[in-house]
Amino acid sequence: MDEDEKTRLNAQLQKISARLQEQPEVMVTYFAPDERKTGGARQTYRGRLRKIDRNRKMLIMVDQTELPIENLLNIECE
């Protein structure tokens with residue numbers, strides 16, 4: 001991910017963090033590493049965001065799913 005993409009992603013996270021009390025519905029595209037070999041795949045997750053844990057660098061969803069911020073490729077808020 002280049003610097004422009006990182007800047008865009010950080011701006012999206014800032015906008016969404018302002019709405020965390022609403023537990024907004026988000027669609028996250030992220031890279032999921034393959035546990036058995038080098039590489040991985042793009043995955044999409046849709047759900048309600050409960051918290052952005054900046055210390056652990058994780059998105060924490062209402063259903064307790066945790067997504068590493070470092071693996072994010074895109075996040076959209078409805």
Calculate, to the nearest 0.5 Å, the distance between atoms CG and CZ belonging to L13 and R54 respectively. 6.0 Å
Tabulate below the donor-acceptor pairs under 3.5 Å that side-chain atoms of residues 25-35 make, not counting sequence neighbours, or state none.
residue	atom	partner	partner atom	Å
D34	OD1	R36	N	2.8
D34	OD1	K37	N	3.4

Set of residues satisfying side chain to side chain contact (heavy atoms under 4.5 Å, CB included) with respect to K6, sequence neighbours excluded: M1, E3
Exercise: identify the closest heavy-atom pair between L73 and R8: O-NH2, 3.5 Å
Would a hydrophobic clustering, with Ile, Leu, Val, Met, Phe, Trp and Tyr connected at side-chain separations under 4.5 Å, put I69 with V62? no
Please report the interatomic distance SG(C77) to CZ(R19), rounded to the nearest 0.5 Å. 3.5 Å
In the single-linkage hydrophobic clustering (I, L, V, M, F, W, Y; side-chain heavy atoms under 4.5 Å), do I16 and M61 co-cluster? yes
One should read off an interatomic distance between Y45 OH and T65 OG1, to the nearest 0.5 angstrom, of 3.5 Å
Taking everything shown except R42 itself, do over 12 heavy atoms lie less than 6.0 Å from its CZ? no
Using every non-hydrogen atom in the two residues, find where R48 and Q23 come nearest and quote the distance to one decimal. NH1-O, 2.7 Å
Shortest non-hydrogen separation from L49 to I60 and the atoms involved: CD1-O, 3.5 Å
Provide the closest heavy-atom pair for R56 versus D53 in the form atom of the first, atom of the second, distance. N-OD1, 3.0 Å
What distance do D4 atom CG and D2 atom CG have between them, rounded to the nearest 0.5 Å? 5.0 Å
Does I52 belong to the same Ile/Leu/Val/Met/Phe/Trp/Tyr cluster as M58, with side-chain heavy atoms less than 4.5 Å apart forming each link? no
Has Q12 got a side-chain atom pairing as donor or acceptor with I75's backbone, closer than 3.5 angstrom? yes
